[in-house]
Structures are given as C-alpha cells and as structure tokens.
Amino acid sequence: MNLAEKELSIYVHIPFCVQKCLYCDFLSAPASKEVRRHYVDRLIREIKGESESYVNYKVKTIFLGGGTPSLLEPAQIAGIMNSIHENYSLEKDCEITIEVNPGTCSKERADAWRNAGINRVSIGLQSLEDMELKALGRIHSADEFYETYEEVVKTGFNNINIDLMTAIPGQTMESCCKTLRAVTTLNPAPVHISAYSLIIEEETPFFENTPVLPDEDTEREMYKITNDILFKSGYQRYEISNYAKPGFECRHNEVYWQRGNYAGFGIGAASLVENVRFTNGRDLKRYLENGPVKENRQELSQEEQMEEFMFLGLRMMQGVSEKKFQRLFGRTIDQVYPGIVDKHIKNGLLQRFFYLLEREERIMLTDRGIDVSNVVMADFLLT
C-alpha cells in the first residue's frame, strides 16, 4: 500500500460527566467548567502536536467519546474539530460521531456539532422506563430522551445510534420489549442500535452493592427477543451487540474489530498504529500540567496479532477471512489452530460459508456460537 493511502481513525476522549452511573467503570467523572476548559486546551495541543506522526494517513472516522462529550460548550467542540481539520487529512466521507446523553443537548449545541462537521450522533438511552433509568443512576428521564432525539433530528442528523441495555435492575420481559418497540417506531427511526447486557464491573457501586438483576434465563430471553424485534424492524445484526439499517454500520467500531489503525487523544485513550499498541496515562492532573504521557507501549508479536484477528473478527457476523489470515501471517488458520475450527463446527458453534461480497471462504459464529462466544474465542488464544 502506498504511504499516502494509509487509513487512520481518531478517538477523542472527553472524561467528564454530570454524574457517574452506578454501573460505569469508564474513565470519567464530574468536573468544574474551569477543569473542562483547561482539558480542552490541552487536548487541542495534543491533537496538533501528534499530527506529524500521521502525515501519511487519511482519517476515515472520528469518534468523540466519554464520559459525556455533549457536556462541552459548543465552542469547545468546535475547537477540537478545528484542530483535527487543520492538522489531519480527512476523507471526504469521513464518519464523525459524538456521544450524547439526554439532558445535555440543546438546539445551540446540536447546531454547533453540525457546523463543526459532525455527521453522526450516538445517544446513550439504555431504557425508556424511568424506574430502570433511576436504578442505573442515569441523569435523564424518558421524556428528556424524546426531547433530545427530536432536537437532533430537527437539526438535520440522519445517522443516529441509540444505546440500549438489557438485564438491568427491575427490568422485565414486558418493559424490555416496550423499550425496543418504542425505539424502533420513532419517526424517523434510528439507523443504528447498540444493545448490550449489563455487566457488573469491578470498582463500580454495583460491584460493591450488587442489585437484584433478572435471572439468567430471563437475560437469555431478553437477548433473543432483542434480536427478533430488531430483525423484524429492518435492522441487520452485523456484530454481536450491534444492529444497523443497511449501509449505516458504525465504521469507527469496525476499525477496532478489523484491527485498523487508530490514534487516541485525551487521558486513558488507546492507540493501535502499525501493530504497535500504546495508551495515554490516566492521571488528569498530570495531563493538565504536562500533557499526555504515553504508556504501555507494546509491539504486538505475530501470535498476538493472530489472536486479535480471530477473537475480534469473530465478533462480526461476516466472520473472519481465511484468505486474509493466510496473506497476513503466511499460514492458514487450520495450520495455526489445528483441529479448533473443525471441533467447533462439529459442535455447531462455528460454520464455514462463502462470502459473496468478497467471493471468499469465511468462518463465523453460529447462533449457538454467539451464545457461548467467550468459550469459542478462548480457543484462539496462543499466548
């Protein structure tokens, strides 16, 4: 590949929120306006300062995540985006996403996002039941979600994702279905839905004091009904937890799953560039005083690259390409993992199929395999 043709994605971490959710283990916390201002100034300097490392790259996607990026002032979002536009080469159809929490959106903010070149909005809803939102420690109500959605649509955004969560405290099959049907019948309907089960993470209030959750059988039924309702509503499942109308798959997340190059800016942000992985330090005070500190630099071995190729690629419904694996690593999947694929095919967890779009053989999880995906993927660990 010509140097000028290299592709890059950019992730910008905004570690601020109004209130920490009870299940959240992300690097985020409330902060004063002064701290947020100082952080954005440092962030802009980092984005500009790192640009020399990426002069031979075209940026294909940008993602402003958090935390709650929509909490920033319009001028701050504009400043971040201007720094990227001025210092990086962007593809004409670059996908640019901002994460938005209901209750932090206004017409002024939405207009500013559009004017800054942002063309995709990801709204963190989780549930349309106020009692369930309260149980999660969310700051918004169902009505505030509807207001936010209407504002985003009126501003002209047509590439909208909604995050949903199942197996949350107090949730029933009835309330789960009610949220799903309400979201899929919005006018216009969102073109992308991310649907995750609640996972209790360490160092969260839920870990210290775990609430009563739906039992395992109910969680499994919620998982299946989510897939059924979204499929019947015209969404195609393209990754274990992600569904999209045709042509609206999240290209930024696909970069992660396909091991493309991505550069992360802001505290705690991770990068993977030409098979070298590194992260920014997580200390906010240190970042504000001295700028980013690169940590945990690791040049991935071939074995580590093969592992990631398999267990990230198998998350996608298009599976993994046997031809690409051999081209990248000089050996076939069966040579590296003797008997593993055939074992899981025999057990009904994997299948080989001919992928018409690329005209090649691929390996993918079956429906049963998706249910026990962690077990399957563990067999592709080499180190």
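Hydrogens, waters and symmetry mates play no part in the numbers below; they use all other heavy atoms, side chains included. Here the structure is a predicted model, which means the values were calculated and not measured.
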After noting the C-alpha distance and the side-chain angles of R37 and E34, does the key distance pass the salt bridge (Lys or Arg N to Asp or Glu O under 4.0 Å) rule? CA-CA 5 Å; R37 183 195 63 76; E34 179 62 18; 2.6 Å; yes
Which atom of R368 lies closest to which atom of G348, heavy atoms considered: CB-O, 3.7 Å
Regarding E219 and K224, does a basic nitrogen lie under 4.0 Å from an acidic carboxylate oxygen? no
Please tell me if the side chains of E150 and E147 come closer than 4.5 Å, counting only heavy atoms from C-beta onward. no
Would R282 and E295 pass as an ion pair if we require N to O under 4.0 Å? no
NZ/NE/NH1/NH2 to OD/OE distance under 4.0 Å, E274 and K6: yes
Is it true that the side chains of E304 and Q298 contain a donor and an acceptor less than 3.5 Å apart? yes
Which pair of non-hydrogen atoms, one from P74 and one from A112, has the smallest distance, and what is that distance? CB-CB, 3.4 Å
Show your working on side-chain contact (heavy atoms from CB on, under 4.5 Å) between N296 and R277 and close with a plain yes or no. CA-CA 8 Å; N296 306 317; R277 191 180 297 285; over 6 Å; no
Let me check something: do I47 and I118 share a hydrophobic cluster, defined by ILVMFWY side-chain heavy atoms less than 4.5 Å apart, either directly or through other members? yes
Is K107 salt-bridged to D111, going by a charged N under 4.0 Å from an acidic O? yes
Common cluster, M316/L314, ILVMFWY with side-chain heavy-atom separation under 4.5 Å: no
Could you go step by step and tell me if D41 and R45 meet the salt bridge (Lys or Arg N to Asp or Glu O under 4.0 Å) rule? CA-CA 6 Å; D41 290 344; R45 290 168 64 182; over 6 Å; no
Under 3.5 Å, side-chain donor or acceptor atoms of residues 195-204 against the rest of the protein: list the pairs with distances, not counting sequence neighbours.
from, atom 1, to, atom 2, distance (Å)
S197, OG, T166, OG1, 3.3
T204, OG1, E201, O, 2.7
T204, OG1, F207, N, 3.2

Does R286 pair with E289 as a salt bridge, N-O distance under 4.0 Å? no
Here the gap from I98 atom CD1 to S122 atom OG, rounded to the nearest 0.5 Å, amounts to 10.0 Å
According to the interplanar angle, ranging from 0 to 90°, do the rings of F206 and Y23 count as parallel (below 30°), tilted (30 to 60°) or perpendicular (above 60°)? tilted
Does some side-chain heavy atom of C105 sit less than 4.5 Å from a side-chain heavy atom of V152? yes
How long is the gap from CG on D342 to OH on Y337, to the nearest 0.5 Å? 15.0 Å
T155 versus W113: any side-chain heavy-atom pair under 4.5 Å? no
Nearest heavy atoms of I77 and P69, plus distance in Å: CD1-O, 3.7 Å
When Y256, W257, F63 are each screened for ring-ring contact (aromatic ring centres under 6.0 Å, His included) with Y262, the one that passes is Y256
Between CZ on residue R237 and CD1 on residue I193, distance to nearest 0.5 Å: 13.0 Å
With the 4.5 Å side-chain cut-off for hydrophobic clustering, are I363 and F353 part of the same group? no
In the single-linkage hydrophobic clustering (I, L, V, M, F, W, Y; side-chain heavy atoms under 4.5 Å), do L164 and M131 co-cluster? no
Apply side-chain contact (heavy atoms from CB on, under 4.5 Å) to L365 and S373, showing your working. CA-CA 8 Å; L365 291 167; S373 59; 4.0 Å; yes
Let's go through Y39 and H13 carefully: what are the C-alpha distance in whole Å and the side-chain angles of both, what is the deciding distance for side-chain hydrogen bond (donor to acceptor under 3.5 Å, both in side chains) to 0.1 Å, and is it a yes or a no? CA-CA 10 Å; Y39 181 84; H13 188 61; 5.8 Å; no
R315 bridged to E239 by N-O distance under 4.0 Å: yes
We want to know whether H344 and D379 form a side-chain donor-acceptor pair, criterion being a heavy-atom distance below 3.5 angstrom. yes
What verdict does the side-chain contact (heavy atoms from CB on, under 4.5 Å) test give for I80 and V40, after you've listed the backbone C-alpha separation in whole Å, the side-chain angles of each residue and the deciding distance to 0.1 Å? CA-CA 7 Å; I80 293 168; V40 171; 4.1 Å; yes
Output for pair (E322 CD, I333 CD1), nearest 0.5 Å, gives 5.0 Å
Worked check of side-chain hydrogen bond (donor to acceptor under 3.5 Å, both in side chains) between E46 and N280: CA-CA 11 Å; E46 180 191 0; N280 278 356; 2.8 Å; yes
Within one Ile-Leu-Val-Met-Phe-Trp-Tyr cluster: V293 and L43, side-chain cutoff 4.5 Å: no
Applying side-chain contact (heavy atoms from CB on, under 4.5 Å) to M310 and M306, what does each step give before you reach the verdict? CA-CA 6 Å; M310 295 302 296; M306 290 189 289; 5.7 Å; no
Evaluate E95 against T61 for side-chain hydrogen bond (donor to acceptor under 3.5 Å, both in side chains), listing each step before the verdict. CA-CA 5 Å; E95 176 194 89; T61 69; 5.1 Å; no
Could you report the tightest heavy-atom contact between H192 and N161, atom names first, then the distance? ND1-OD1, 2.7 Å
Side chains of S70 and E99: donor-acceptor distance under 3.5 Å anywhere? no
ring-ring contact (aromatic ring centres under 6.0 Å, His included), that's the test. Do Y11 and F265 meet it? Break it down for me. CA-CA 6 Å; Y11 173 78; F265 302 116; 9.5 Å; no
Pair K178 + E129, salt bridge at N-O below 4.0 Å: yes
Exercise: do D130 and S141 side chains pair donor with acceptor under 3.5 Å: no
Set of ring pair (Phe, Tyr, Trp, His ring centres under 6.0 Å) partners for F157, sequence neighbours left out: none
Does K48 have any salt bridge (Lys or Arg N to Asp or Glu O under 4.0 Å) partners at least two apart in sequence or in another chain, and if so, which? none
Side chains of N101 and R138, donor plus acceptor under 3.5 Å: yes
NZ/NE/NH1/NH2 to OD/OE distance under 4.0 Å, E7 and K60: yes
What are the two closest non-hydrogen atoms of P214 and I168, and how far apart are they? CD-O, 3.4 Å
If you measure from CG on L125 to CG on L133, what distance do you get to the nearest 0.5 Å? 6.5 Å
Nearest heavy-atom approach of C94 to N119 is O-ND2, 2.9 Å
Apply the side-chain contact (heavy atoms from CB on, under 4.5 Å) test between M81 and each candidate in V12, N115, I44, I96; give the one that qualifies. I96
With side chains defined as the heavy atoms from C-beta onward, is the minimum distance between V276 and V273 less than 4.5 Å? no
d(F329 CZ, E303 CD) to nearest 0.5 Å is 10.0 Å
Under 6.0 Å between the ring centres of Y235 and F231? no
Regarding E308 and R259, does a basic nitrogen lie under 4.0 Å from an acidic carboxylate oxygen? yes
